[in-house]
> 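Dropping the structure in here first, questions after.
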2 protein chains.
Amino acid sequence: FSFNLTADCNAILKALQPIFQEQGMTETVHNWEDHGYLATYVKKNGSFANLRIHPHGLVLVDLQSYNDHMKGREEVDQLLNKVEEKMKELFHGNIKRVKRLPAILRGGVIDRYWPTADGRLVEYDIDEVVYDEDSPFQNIKILHSKQFGNILILSGDVNLAESDLAYTQAIMGSGKEDYTGKEVLILGGGDGGILYEIVKLKPKMVTMVASNIDQMVIDGCKKYMRKTCGDVLDNLKGECYQVLIEDCIPVLKRYAKEGRMFDYVINDLTAVPISTSPEEDSTWEFLRLILDLSMKVLKQDGKYFTQ
Amino acid sequence: FSFNLTADCNAILKALQPIFQEQGMTETVHNWEDHGYLATYVKKNGSFANLRIHPHGLVLVDLQSYNDHMKGREEVDQLLNKVEEKMKELFHGNIKRVKRLPAILRGGVIDRYWPTADGRLVEYDIDEVVYDEDSPFQNIKILHSKQFGNILILSGDVNLAESDLAYTQAIMGSGKEDYTGKEVLILGGGDGGILYEIVKLKPKMVTMVASNIDQMVIDGCKKYMRKTCGDVLDNLKGECYQVLIEDCIPVLKRYAKEGRMFDYVINDLTAVPISTSPEEDSTWEFLRLILDLSMKVLKQDGKYFTQ
C-alpha cells in the first residue's frame with residue numbers, strides 16, 4: 001500500500017494487528033522510532049507474516065508459508081482482503097496504490113524463475129525439466145513451457161525456445177534473402193535453428209562452426225529442441241551442410257588464408273563469449289577479431305548478419 | 001538453498017547468525033521445534049532480513065530495505081556471498097540448488113510488475129507512465145517499455161504493446177487473406193491495430209464496432225499507441241472505414257435483420273467481457289451469442305477470426 005499522507009505508524013499497527021492475531025499468530029514488534037515498525041506474526045504451522053510500516057506512506061505485507069500451511073490461496077486472499085478493507089477505512093481516498101503480487105515459489109522441483117539479462121524477474125510456465133546437465137563450460141538446461149515449448153537455458157540465461165522461430169528468421173534477414181545456391185557460414189548456432197531453416201532453402205553449402213563448448217548444447221538440442229533443429233543435428237554432415245566442432249577463430253583464419261569465400265556469414269555466437277582464446281584480452285577484442293576475420297571470408301557482395 | 005539432507009536447523013542458525021550480527025543487525029529467533037526456525041535480523045537504518053530454516057532441507061533468506069538503506073546491490077551481494085559460502089562449507093556437495101532472485105521494487109512511482117492472466121509474476125522494463133486514467137468501466141494505463149514500446153494495460157491486464165504487430169497479423173489470418181475489395185466487420189479492437197492494418201490493404205469497407213466501454217481506450221491509443229493504430233482513430237470515419245461507438249450486440253442484431261453481410265468478421269473483444277448485457281447470464285452465454293450473431297452476418301464463404 002502506498003498513500004499520500006505521512007502515516008501514523010502506531011495507528012496502522014493498532015488497526016491491523018487484530019487481523020493477524022485472529023489467525024492465532026503471535027506478534028513480535030520492532031519499533032525504529034524514525035523508520036517505523038516491523039511486526040512479525042508467527043503461526044503454529046510454520047507460516048509467518050511481515051508487516052513493515054514506513055512513516056512516509058508505504059505499508060508492505062509479506063506472507064510466507066510452506067506448501068499448504070496457509071491452506072492455499074483462499075486463506076491468504078481472505079487475510080489480505082481484511083487488511084485491504086482496514087487500510088481503506090483508515091485512509092479513505094488517500095491510498096495511491098494497492099498491489100498484490102503472485103506468490104513466489106521456492107524450493108520446488110521445478111524452478112520457474114529465469115531473470116532476464118537486464119535483471120528483471122520473469123516467471124515462466126515451466127512444467128517439466130527435460131534436460132539438465134553440466135558440461136565443463138556451463139550448465140545446460142532444457143525446460144518445457146506450455147507457452148513456448150522447450151526452452152534452452154545456458155547457465156541461467158534463457159537462450160532460445162522452440163517457439164522462437166522469429167529469432168532465427170530475423171538473423172537470416174527476415175525472409176528477404178535468397179539462399180538458393182549460396183555458400184553460407186554460421187558461427188555458433190549450436191541449437192541448430194539457423195542451419196535447419198537455411199538447409200530448407202537449397203543452398204549450395206552451409207558450414208556451421210560450433211566450438212566444443214557447444215557439444216553438449218548440440219547433444220541436448222538434437223534430442224529435445226527438434227521443433228527448432230529438425231533432424232539437421234542428427235549427423236554432422238548432410239547433402240548441403242557440414243558441422244565443424246571447432247573453435248571458430250582458427251577456422252576463420254584457415255579459410256581466410258585459403259581464400260575460401262562465402263555469400264553469407266551469420267554470427268550467432270553468444271553475445272558474451274564464455275571463454276576467449278589467450279590472444280584476446282577482452283570481450284571487445286574478441287568481437288572485433290570475429291568481425292575482422294568474417295570480413296576476410298566474405299565475398300565482395302556478401303552479407304554479414306548478427307544479433 | 002535446497003539440499004538433500006535433513007537439516008540440523010540449530011547448526012545452520014549458529015553458522016549463519018554471525019554473518020548477520022557482523023552487520024550490526026539485532027536478532028530475534030522463533031523456534032517452532034517441529035517446523036524449524038525463523039530468525040529476524042533488524043538493522044538500525046530500517047532494513048531487515050528473514051532467515052527461515054525448514055528441517056526438511058530448505059533455507060530461505062529474504063532481505064528488505066528502503067531505497068539505498070542496504071547501500072545498493074553490492075552490500076547485499078556481499079552478505080549473500082558470505083551466506084552462500086558458509087552454506088557450502090556446511091553441506092559440501094549436498095546443496096541441490098542455490099538461487100538468488102532479483103529484488104522486487106515496491107512503492108515506487110512506476111510499477112514494473114504486471115502478472116500474466118495465468119498468474120505468473122513478470123517484471124517489465126517500464127520507464128514511464130504515459131497515460132493513466134479511470135473510466136467508469138476500468139482503469140486504462142499506457143506504460144512505456146524500452147523493449148516493447150508503449151503497452152496498453154486494462155485494469156492490470158496486459159493487452160497489447162506497440163511491438164505486438166504479430167498479434168494483429170495473426171488475428172487477420174497471418175497474411176494469407178486477401179482483403180482487397182472486401183467487407184469487414186471488427187468487433188472490439190479499440191486499440192485500432194486491426195483497423196489500421198486492414199485499411200492499408202484496400203478493403204471495400206471496414207466497420208469497427210467498439211462499445212462505449214472502449215471510448216477512453218480509443219482516446220488513449222490514438223494519442224499514445226500510434227505505432228499500432230497510425231492515424232486511423234483520429235477520425236471515426238475514413239474513405240473505406242467507419243468506427244461505431246456502440247455495444248456490438250444490438251449492432252449485430254440490426255445487421256442480421258437488415259441482411260447486411262460481411263466477408264470477414266474479426267472478433268477482437270477482450271476474452272472475458274467487462275460487462276454483459278442483462279440478457280446474458282454468463283460469460284459463455286455472451287460468447288455464444290456473439291458467435292451466433294456473427295454467423296448470421298457472415299457470407300456463405302466468409303471467414304470468422306478470433307483469439
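Letters A, B, ... are given to chains in the order of the sequence lines, protein chains preceding strands, and every chain is numbered from 1.
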> Applying a heavy-atom distance below 4.5 Å, give me the residues of residues 112-121 of chain A that approach chain B, sorted by number.
A:R112, A:Y113, A:W114, A:P115, A:D118, A:G119, A:R120, A:L121

> How far apart are the closest heavy atoms of A:L60 and B:Q64, and which atoms are they?
CD1-OE1, 3.4 Å

> Can you measure from NE2 (B:H30) to OG1 (A:T40) and round to the nearest 0.5 angstrom?
11.0 Å

> Find the distance between CG (A:N50) and CG (B:L38) and round it off to the nearest 0.5 Å.
7.5 Å

> Report yes or no: does A:W32 contribute a side-chain atom to a donor-acceptor pair with the main-chain N or O of B:K43 at less than 3.5 Å?
yes

> Evaluate the side-chain proximity of B:V122 to A:E123: yes if any heavy-atom separation is below 4.5 Å, no if none is.
no

> Rounded at 0.5 Å granularity, tell me how far CG in A:L101 sits from CG in B:D111.
7.5 Å

> Just give me the residue among B:V59, B:D62, B:D34, B:T26 that pairs up with chain A most often, heavy atom to heavy atom, under 4.5 Å.
B:D62

> Closest approach of A:R106 and B:V61, non-hydrogen atoms and distance?
NH1-O, 4.0 Å

> To the closest 0.5 Å, what do you measure between CZ (A:R52) and OH (B:Y66)?
10.5 Å

> Quick check on B:K44: does its NZ atom have over 12 non-hydrogen neighbours (other residues, nucleotides or ligands) under 6.0 Å away?
no

> Side chain, backbone, both or neither: which part of A:K96 has a non-hydrogen atom closer than 4.5 Å to chain B?
neither

> Contact part of A:V98 toward chain B, heavy-atom cut-off under 4.5 Å: side chain, backbone, both or neither?
neither

> Identify which of A:V42, A:L58, A:I104 forms the greatest number of heavy-atom pairs closer than 4.5 Å to chain B.
A:V42

> Is there any residue in residues 125-134 of chain A with a non-hydrogen atom under 4.5 Å from a non-hydrogen atom of chain B, and which ones are they?
A:D125

